[in-house]
Amino acid sequence: MNATAKAAVAQEVVTPAVARQRLLWSLAALLAMLMPALSHTRPWAMALIAVLIFWRLGYAYFRLPLPGRLPRGVLTLAALVAIWLTYGTLLGVVAGSALLIVMAGLKLIESHTRRDYFLLLVITLFIGLADFLYAPRVGLAAYMLPALWLTLTALVIVGHGERGMAARQAGRIAASLLLPAVPVAALLFFIFPRIAGPVWRLPSTGSAATGIGDSMAPGSISKLAVSSRVAFRVHFDGPPPAHRYWRGPVLHHFSHGVWTRGDTAITSLPQVQLHGAPVQYTITLEPDNHRWLYALAAPAAWPDSAVLADDYTLYTAKPIRERRQYTVISYPKAHYGLNLTPASLQRDLQLPPGGNPRTRLLAARWQHNLSTPQEIVRKALDLFRDGDFYYTLKPPPLGKNGIDRFLFETRRGFCGHYASAFAFLMRAAGIPAHVVTGYAGGDLNPIDDYWTVRDARAHAWDEVWLKGQGWVRIDPTAVLPPSQIAPDAAAAIRAASAGTAGNSHWLRQLNYAWEAANTFWNRWVMSYGPSLQKAAFARLGVDYGSWMSIAMTMLAAFVLIFATVGAWFAWRAWFNRGEPVVRLYAQFCRKLSRVGLHRDHTEGPLDFAARIIRDRPDCAATVNAITQHYVSLRYERNPSRDALRKLATAIANFQPERRI
């Protein structure tokens, strides 16, 4: 600290009441910004800052000794080491947020001067920014407005000086700063040229994958069925298809009871025979750290940044770590794979040598006794429908020869069990088959006509290749009668699929409204990139490809901003009636003006009163009393209501007479 700063600190002397006011308001702002960080900060960091907060309060109220410079340095170094050991870095959203939180706590225990509190509140603002980068949801954005107002109020109180300021007055000043800034920020967000890539959220290379994976063991999808996490949202440009199977990874390889994608080399696409009307829809996909894009079969148009594999799965070049919006046109009734040769079908006939002998024997019997593949498919579905199979989220373990054990012993399982067993039966019977994973269905929000697809809708089904038809979707789970769905599965999936709305009508409506707000936020704020900005500019008649048009639009926007801000300050100046004392004095001056006693705009209240006293002795006493009362209240920091009431009464009772 230089000599000037030290001198300023030495000269700053505040009363205990003002010091506590600074501390409590700064602490309130810090706690407000810390609340959202609870979800992504390790407990030890929160415990540390809690200890530091209580320590600082203990000093303020009980004179508990604070640590000196050396202990603070040791504590700072220990905190840095702990963050490094916990996260492996000091950078990034999560580790950086933890670092800011710890630094705020350490700064709090040494904050005494106005400069200290300013720095603490600046760190507090950065904590709020880190919260927003970590989870930029509409709820957090709504929460941040009052939290930001609280922080600005604390800044006003801290910056007011040694005498302090009433909290109500500081809050009004903070609101007057914040409210005009919100529309200005919204306008700048709309017009400022967007860049491709994440803006609101920093990429995280270490983020864990969620949702559907690229492998499946029977029962693995049951872990998703109890989750209400949103996988993606869909908006159809027209009527949605009756059956909505959202295609994800296709699993071709089976070994040791696990299905995987196997060889995913992208070759020439199979022949497609289009049937029915096309369906166009837009998906807003939540980040899951995978490379596939969900779509209905069979995609005919898809984003330029994606490629279509030979099993009709859409893939991106990099894992999806940011919310992504894309549009697809599909033909759900199309037939594809009509031109496949026996050699190209070998991938979907592969079975490991040995294992599951009873299933192989059953499939061989069907292949020998039944004349067509269609009959074998129907026979397998009849087995699931009539064979006392049950759908449950808590199936018994299978162990070795799991397909045999499921088909002939336990007969309890989730969609992964049925899809796995059916594909194995088909391959053992000489029919090409593979497992398709993804999602089925969705929940319509009647407010905005968006379909929400949650992890509870995760599903696995099969496709078999039939000559003349190509790949045909078969869902063996769907043939189970409702009476064979275990209560645990029905209740869990129903609850997770409905989110948190439950069975209450008004809660469902509230949930629909909240989901609609999230959808709007995700589409028009979080996904507002170059493409959406281009479409928005086109509606305004602005050529997005012309820098001159964009520059003129931005110039017009800035003129509008400055004109609006100027109008705001002009209104506030006119509302210089905004203060009750000034409004009452203006009323007093109007009464005098009506009897010919006009106040010149350069004339102060005391000079005006002196002239009236000289010219109108009949009302001199009343004018002098009202003027003196006004002057004393006008320059008082917080005039009491009683004093204002007395002034208002005196002015109301004042009735000057016009002289002829």
Side-chain angles (χ1 to χ4, degrees), residues 1-2 5-38 40-87 90 94-131 147 150-162 164 167 170:
M1 188 182 296
N2 58 34
K6 288 182 179 179
V9 170
Q11 292 174 2
E12 185 183 31
V13 179
V14 297
T15 64
V18 172
R20 288 176 183 174
Q21 184 191 37
R22 287 181 178 180
L23 171 64
L24 293 178
W25 277 92
S26 299
L27 185 55
L30 177 60
L31 290 174
M33 291 298 186
L34 283 175
M35 291 301 293
L38 289 172
H40 59 82
T41 304
R42 296 295 176 87
W44 70 260
M46 286 299 181
L48 174 61
I49 194 170
V51 169
L52 295 174
I53 288 172
F54 282 112
W55 199 343
R56 183 64 179 84
L57 289 173
Y59 171 78
Y61 288 92
F62 306 107
R63 309 311 295 174
L64 185 69
L66 291 174
R69 181 173 298 180
L70 180 60
R72 289 201 305 268
V74 172
L75 192 57
T76 302
L77 182 60
L80 292 174
V81 172
I83 293 173
W84 178 269
L85 294 176
T86 301
Y87 301 104
L90 296 177
V94 181
S97 178
L99 180 61
L100 282 173
I101 289 171
V102 171
M103 292 301 105
L106 293 171
K107 185 61 185 175
L108 178 65
I109 62 173
E110 67 171 13
S111 293
H112 300 284
T113 67
R114 181 164 38 177
R115 177 178 176 275
D116 293 332
Y117 282 112
F118 273 140
L119 182 56
L120 173 63
L121 291 170
V122 168
I123 297 175
T124 298
L125 290 171
F126 275 100
I127 291 174
L129 178 61
D131 291 335
L150 191 62
T151 308
L152 290 177
T153 302
L155 279 168
V156 172
I157 289 174
V158 169
H160 193 66
E162 296 83 0

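Computed over heavy atoms, backbone and side chain alike; hydrogens, waters and symmetry mates excluded. From a predicted model like this one, the values you see are computed outputs, not experimental measurements.
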Exercise. Check the pair S111, L23 against side-chain contact (heavy atoms from CB on, under 4.5 Å), reporting the backbone distance first and the verdict last.
Key: CA-CA 8 Å; S111 293; L23 171 64; over 6 Å; no
Quiz item: Between L106 and R72, does a side-chain contact (heavy atoms from CB on, under 4.5 Å) hold up when you go through it step by step?
Solution: CA-CA 7 Å; L106 293 171; R72 289 201 305 268; 5.9 Å; no
Exercise. Show your working on side-chain contact (heavy atoms from CB on, under 4.5 Å) between F126 and M33 and close with a plain yes or no.
Key: CA-CA 9 Å; F126 275 100; M33 291 298 186; over 6 Å; no
Self-check item: From CA spacing to verdict: side-chain contact (heavy atoms from CB on, under 4.5 Å), R22, R114
Solution: CA-CA 8 Å; R22 287 181 178 180; R114 181 164 38 177; 3.9 Å; yes
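Stacking of R63 on the aromatic ring of Y59 is recorded, both the 6.0 Å distance cut-off and the 45° axial limit being met.
Side-chain atoms of F62 and L57, non-hydrogen and from C-beta on, never get closer than 4.5 Å to each other. The side-chain heavy atoms of T153 and I157, taken from C-beta on, include a pair separated by under 4.5 Å.
Of all heavy-atom pairs between P67 and I109, the closest is CG-CD1, 3.6 Å. Contact between L52 and G105 at its shortest, heavy atoms only, is CD1-C, 3.4 Å. Nearest heavy-atom pair across A32 and P36 is O-CD, 3.5 Å. Nearest heavy atom pair, residue A95 against residue I83, reads O-CG2, 4.1 Å. Between V158 and L121 the shortest heavy-atom distance is CG2-CD1, 4.2 Å. Across all their heavy atoms, Y117 and S26 have their closest contact at CD2-OG, 3.4 Å.
Checking L31, I101, L108, T41 one by one against I49, the side chain to side chain contact (heavy atoms under 4.5 Å, CB included) holds for a single residue, I101.
With rounding to the nearest 0.5 angstrom, the CG atom of L100 is 9.0 Å from the CG atom of L129. Atom NZ of K107 is separated from atom OG1 of T124 by 12.0 Å, given to the nearest 0.5 angstrom. Summarising the geometry, atom CZ belonging to R56 is positioned 12.5 Å from atom CG belonging to L30; distances are rounded to the nearest 0.5 Å.
W55 contributes no side-chain N or O that, together with a main-chain N or O of A50, makes up a donor-acceptor pair within less than 3.5 Å. With hydrogens and angles disregarded, no donor-acceptor distance shorter than 3.5 Å links the side chain of R42 to the backbone of A98.
More than 12 heavy atoms of other shown residues, nucleotides or ligands fall within 6.0 angstrom of atom OH in Y87.
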